[in-house]
Every structure is written in structure tokens, then in C-alpha cells.
Amino acid sequence: MAQSTKVLDGGWGWAIVVASFIAQLLAYGSPQSMGVLYPEWLHAFQEGKGMTAWVGSLVAGVGLIASPVCSACVDNFGARPVTIFSGVMVAGGLMLSAFAPNVQFLIFSYGIVVGLGCGLVYAATLTITCQYFDKRRGLALGIVTTGTSVGAFIYATAQNELIVLYGLDGCLLIIGAVALNLMACAGFMRPLNMPGYYLKQKAALERNTEEQLFEKPPLDDLKITTGSSATTPEKTLTVKELLITIDGKDLTVQTEKKKGSSLAGLAIMKVIKKKQQAYLKYVHSMYEILQDQAMVAFCIAVFLFSLGAFPPVLFIEDVAQSEGLIEEVSLIPLVSIGAIATCVGKLVLGMLVDIRWINSIYLYGFTMFAGGISLLLIPITKSYVGLQVLSAVLGFFSGNWSLTSYITTKIVGLDRLTQAHGILMFFGGFGIMLGPPVVGWFFDWTQSYDLAFYFSGTCVELGAFILFVLTLPCWNRKNSENDRPDVHYTSNCDKVASVA
């Protein structure tokens with residue numbers, strides 16, 4: 001225990017932070033700056049804006065919706081193998097997209113394959129970071145998560161230049177080749193704890209070894225083995241204790257199998273019943289979470305904000321070109337301006353929410369209100385400078401994603417944070433998946449972005465209104481702002497990964 005405490009909050013942990021930061025930059029750089037690629041795909045495939053928008057919506061939403069599966073992969077196999085596999089997925093998806101014959105293939109190669117790869121990178125980097133940090137965990141995770149915004153800023157300009165020099169296909173091939181460096185980042189992710197898959201393999205190997213020892217007494221083998229015979233029982237006893245702690249259920253089933261097939265069947269039925277009870281308990285816990293009025297209001301607000309505020313990331317460059325404000329993407333694209341503003345917004349809003357007298361829920365509602373006003377002003381803006389300003393303002397208030405885990409903890413407490421945050425991310429991912437296609441369909445219907453952005457701004461304003469009304473003190477919420485529980489550090493890496 002003392003040895004594990006020494007490695008926390010420093011040392012190799014900062015190498016993990018740098019590797020995780022670069023991993024998120026490489027994985028999310030292209031998806032977060034897809035606004036540069038979107039006009040090129042429209043011109044190349046001549047499909048409707050609604051159909052083409054599915055590429056951007058899936059690459060952003062699939063990773064959020066599949067986050068429980070991604071976290072399970074990291075728990076079972078570890079951060080290093082998952083990051084290596086995600087590097088293959090992200091790079092392979094980008095390179096396959098260079099050979100896409102139509103938008104439908106692009107939806108699979110870029111939207112689903114790259115999206116799942118990004119989700120795996122996100123889960124792996126946050127999990128390995130929280131394992132190496134305790135007291136400075138918030139700082140470390142904050143540095144790691146800014147990799148997405150920095151990646152969007154760099155990749156927006158880089159992809160623009162690569163398209164000019166090598167074309168759209170050459171750009172995707174080069175970006176895919178660069179993404180292979182994710183496997184190099186995985187090399188730095190030295191695990192502190194053995195993942196569940198390796199522990200189960202070790203348990204199975206030890207059981208097989210014990211069976212062989214019982215079948216054939218190792219009298220001759222004891223003469224050949226190195227080391228004294230006194231050390232062998234100690235090692236065997238230590239391994240047995242470890243296996244009982246780690247995989248007690250499997251050992252129980254194994255023991256019952258030795259007694260007879262009928263007893264083994266009973267043991268299996270007991271395990272199934274326990275799993276059913278755990279599943280029912282999990283469902284009941286989710287039901288109780290959704291009984292909280294403040295939590296329901298927050299889920300609706302996050303869904304409406306994702307539905308309305310994400311489409312500008314994808315469409316803002318096409319808006320400027322459609323209105324004739326600029327002939328081609330500028331040297332510093334609007335997507336880059338929004339990405340840097342989002343990075344600043346995460347830091348500023350994170351500092352504001354730590355002030356005792358500021359209500360975090362109302363702060364989130366204010367960011368929604370201001371972001372909705374920015375969306376409503378986009379259709380009436382007739383200058384490129386105006387779009388740059390609105391992109392910066394909307395990007396800054398989109399940094400309210402850094403408040404979601406804090407608000408979720410305040411509403412449901414730290415014990416239910418993992419489940420509640422998973423529900424919240426499902427609503428957010430669902431809104432991100434629906435937003436761009438809906439805006440694209442509005443354009444295909446009216447041949448203008450005006451009605452689409454009026455719809456987006458209205459959705460965000462409606463979400464802010466619902467959040468304000470349903471969280472008023474007169475509803476007698478369980479936890480008030482003044483009596484909010486203190487958030488203590490926890491050693492559960494799953495909860496901390498969900499917090500980030």
C-alpha cells in the first residue's frame with residue numbers, strides 16, 4: 001500500500017498526463033474540427049446536408065452513448081491495450097474514409113469506427129490518469145481533457161492546408177497516419193493495477209496448476225525445483241488468498257463442480273440469481289435517480305443544449321460560404337476560434353463554480369441562455385467578423401460541459417455519480433446525434449440556415465427555461481445550494497473517470 005501511495009500525484013504520473021493529453025489531441029482533433037471537412041464532402045458527394053450531417057453527429061455522439069461499454073473494456077483489458085486498439089480504429093477509420101465512394105460508407109468509416117475509437121481513447125486516458133493521481137487529480141484531468149479543444153484548434157487549420165495541398169483524400173490519409181501515434185502514447189501508460197482480464201487468466205492458470213498437483217503428487221518435482229521447500233507453501237498460500245479475494249465466485253463454482261454435477265448446477269443457478277438481483281438493483285437505482293425532479297430537469301436541459309449548440313461546430317463554415325461572406329475557409333477557421341473559446345470557457349467556468357455563493361445549476365442555466373442568444377443572432381449576422389465573434393461567444397459558453405459532473409454530484413451525491421452521469425451522457429449523446437441532421441434537413445427544406453438556427457436557439461432557450469423553473473427553491477429540492485455536500489476524493493477510478 002505504501003508503495004502505491006508513493007507513485008501518486010507526481011513522478012511518472014506527469015508522463016501519463018502528457019501522453020493522455022496527446023492521445024486526446026490525436027483522436028479528437030479531426031472529429032472536433034469536422035466543420036472544415038463538411039463543405040468538402042458536400043461538394044464531393046453531392047448529397048443533401050441532412051444526410052451528410054450524420055457523419056459529424058455520429059462521430060461525436062457514438063462515443064458518448066457507448067461510454068459504458070468503453071469503460072468496461074478499460075476495466076477488463078487495461079488502458080494500454082485499449083489505447084492501442086483505439087489507435088488502430090481511429091487511424092483505420094480515417095484512412096478508409098479517404099476511399100469512401102458515398103456518404104453511406106463515410107457514415108460507417110468516419111462516423112461509427114472513428115467515433116467508437118474516440119470513445120475508447122477517452123475512457124482509457126481518464127482511467128489511467130485517475131489511477132496515478134489523488135490530491136492533484138482535478139488538475140491532471142483538467143489538463144488531459146483540454147487536449148480535445150487544442151486538437152480542434154490545430155487540426156482545423158492543418159486540415160484546411162492539407163486539403164489545399166493534397167486534396168480531401170490525401171488529407172484524410174495523412175491525418176490517419178498521424179493518428180497511428182496513439183499506439184506510441186499507449187506505451188507510456190504503465191498500469192498500476194492488473195486489469196480484470198489478466199486477473200481471471202491468472203486465477204484460471206492457478207486452478208489448473210492446483211488440479212494437476214492434486215492428481216499427481218509432486219514428490220519428484222520437489223527435488224528438481226529451485227529454492228527451498230519452505231518457501232513453496234508460503235507462495236501457494238499467498239496466491240490462494242489473492243484468488244479468493246479477486247475471483248471468489250469462480251472458485252466457488254469450481255469447488256462445487258468437484259463435488260458433483262448437481263451441486264455445480266445449483267452453484268450456477270445461485271450465480272445467475274445474484275446477477276439478476278444486481279441487475280434489478282441497478283435498474284431500480286436508475287429509476288430512483290430519474291425520480292429526482294432536478295435531475296430530470298438537468299437531463300432535459302443537457303439534451304436540448306446538445307441538440308441546439310452542437311450543429312454550429314459542423315455548419316458554421318458552410319454558413320459563411322453559403323451567405324457569400326467568404327469564398328473559402330480562412331487561415332484561422334471559425335471552428336478553431338470556437339475551440340479555443342471552449343477551452344477558455346472550461347477553465348473560467350470551472351473556477352467560477354468553486355465560488356461558494358454561486359449556484360452551479362443557475363450558472364449552467366445562464367450559459368445556456370447566453371448560448372441560445374448567440375444562436376439566434378447567427379441568421380441576422382451579415383459579416384464574417386460578426387460570425388467570428390459569435391463563434392467565440394458560443395464556444396465560451398459551450399465550455400459548460402465542465403460543470404456537468406459537478407452539478408450531477410450536487411444533485412444525486414457521490415455514491416450515485418457513476419450511474420447518474422451515465423444517464424446524463426446518454427441524453428447529451430442523443431442530442432448531439434440528432435442536432436446536425438435536423439439542421440441539415442431544415443436547410444434542404446428551406447434552402448437557408450435561418451430557420452435551422454432559429455430552431456437551435458429556441459431549443460437551447462427552452463432548455464434554460466425548464467432548468468430554471470424546475471429547480472426553483474419552492475419545489476423543495478432535497479439538496480439546496482447552501483447545504484451542498486463536500487466532494488471528497490475517492491479511490492474508485494470508475495467514478496473519477498465519469499466525473500471527468
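Along the sequence shown, residues carry numbers from 1. Remember, it's a predicted structure, so these values are computed and weren't measured experimentally.
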Please test H43 against L168 for side-chain contact (heavy atoms from CB on, under 4.5 Å), starting from the C-alpha separation and ending with a verdict.
CA-CA 11 Å; H43 179 73; L168 178 60; over 6 Å; no
Expected output: side-chain S57 to main-chain W54 donor-acceptor under 3.5 Å:
yes
Is it true that atom CZ of F369 has more than 12 heavy atoms of other residues, nucleotides or ligands lying nearer than 6.0 Å?
no
Over all atoms of both residues, closest heavy-atom pair of A179 and V90
CB-CG1, 4.0 Å
Are the side chain of T157 and the backbone of I154 linked by a donor-acceptor contact shorter than 3.5 Å?
no
Out of curiosity, R190 CZ to I128 CD1, how far, rounded to the nearest 0.5 Å?
9.5 Å
What's the separation between atom OG1 in T367 and atom CG in L467, rounded to the nearest 0.5 Å?
9.0 Å
Can you tell me how the ring of F430 sits relative to the ring of F426, calling it parallel under 30°, perpendicular over 60° and tilted otherwise?
parallel
Could you check whether any side-chain heavy atom of F45 comes within less than 4.5 Å of a side-chain heavy atom of T52, counting everything from C-beta outward?
no
Go through the steps to decide whether K410 and I361 satisfy the test side-chain contact (heavy atoms from CB on, under 4.5 Å), and finish with yes or no.
CA-CA 9 Å; K410 191 179 80 69; I361 295 179; 3.7 Å; yes
Using the six-membered ring wherever Trp is involved, compare the ring planes of W12 and F188 and label them parallel, tilted or perpendicular (cut-offs 30° and 60°).
parallel
In this structure, CG of L462 is separated from CG of L307 (nearest 0.5 Å) by 10.5 Å
M34 side chain near V55 side chain, heavy-atom distance below 4.5 Å:
yes
Neighbour count above 12 (heavy atom, 6.0 Å) for F85 CZ:
no
Using modelled atom types only, decide if a donor and an acceptor are shared between the side chain of Q159 and the backbone of V36 within a distance under 3.5 Å.
no
Is it true that atom CE of M95 has more than 12 heavy atoms of other residues, nucleotides or ligands lying nearer than 6.0 Å?
yes
Over all atoms of both residues, closest heavy-atom pair of G428 and V302:
CA-CG1, 3.8 Å
Rounded distance (nearest 0.5 Å) linking atom CZ of F315 with atom OG of S456
9.0 Å
Minimal non-hydrogen separation, A124 against T83, with atom names:
CB-OG1, 3.5 Å
List the atom of L376, the atom of F453, and the distance in Å for their closest heavy-atom pair.
CD2-O, 4.3 Å
Strictly under 6.0 Å, is that where the ring centroids of Y110 and W41 end up?
yes
Between the main-chain N or O of G395 and the side-chain N or O of T342, is there a donor-acceptor pair closer than 3.5 Å?
yes
Can you establish whether the number of heavy atoms outside Y166 located under 6.0 Å from its atom OH is more than 12?
no
Run K346 and N400 through side-chain contact (heavy atoms from CB on, under 4.5 Å) and show every step you take.
CA-CA 6 Å; K346 288 178 180 179; N400 59 9; over 6 Å; no
For L42 against K49, the heavy-atom pair lying closest together:
CD1-NZ, 3.3 Å
Pairwise side-chain contact, F108 with L58, heavy-atom cut-off 4.5 Å (strictly under)
no
Could you tell me whether the side chain of I411 reaches within less than 4.5 Å of the side chain of I407, counting heavy atoms only?
yes
Does any N or O in the side chain of Y449 come within less than 3.5 Å of the main-chain N or O of F442, such that one atom is a donor and the other an acceptor?
no
Do the ring centers of F298 and F427 come within less than 6.0 Å of each other?
no
Between the side chain of T446 and the main-chain N/O of S448, is any donor-acceptor distance below 3.5 Å?
yes
I'd like to know if the side chain of R80 reaches the main chain of P191, judged simply by a donor and an acceptor atom lying under 3.5 Å from each other, with no hydrogens or angles considered.
no
Is the closest side-chain heavy-atom distance between F153 and L25 below 4.5 Å?
no
Can a donor-acceptor pair be found, under 3.5 Å and without considering hydrogens, that links the side chain of S306 to the backbone of I432?
no
Could you check whether any side-chain heavy atom of L172 comes within less than 4.5 Å of a side-chain heavy atom of L37, counting everything from C-beta outward?
yes
Rounded to the nearest 0.5 Å, how far does CZ of F366 lie from CG of L352?
10.0 Å
Between I175, N181, L182, which is the residue that forms a side chain to side chain contact (heavy atoms under 4.5 Å, CB included) with V178?
N181
Close side-chain approach of F465 and E461, heavy atoms under 4.5 Å:
no
Side chain proximity check, V114 to S109, heavy atoms < 4.5 angstrom
no
Do I340 and S149 pass the side-chain contact (heavy atoms from CB on, under 4.5 Å) test, and can you show the C-alpha distance, the side-chain angles, and the key distance before you say yes or no?
CA-CA 6 Å; I340 289 300; S149 300; over 6 Å; no
If we ignore hydrogens and angles and just use 3.5 Å, is the side chain of Y155 paired with the main-chain N or O of Q32 as donor and acceptor?
no
Heavy-atom closest contact (V17 atom, V144 atom, distance):
O-CG2, 3.9 Å
Do any N or O atoms from the side chain of T125 and from the backbone of S20 form a donor-acceptor pair under 3.5 angstrom?
no
Value rounded to 0.5 Å, distance of CE in M295 from CG in L470
13.5 Å
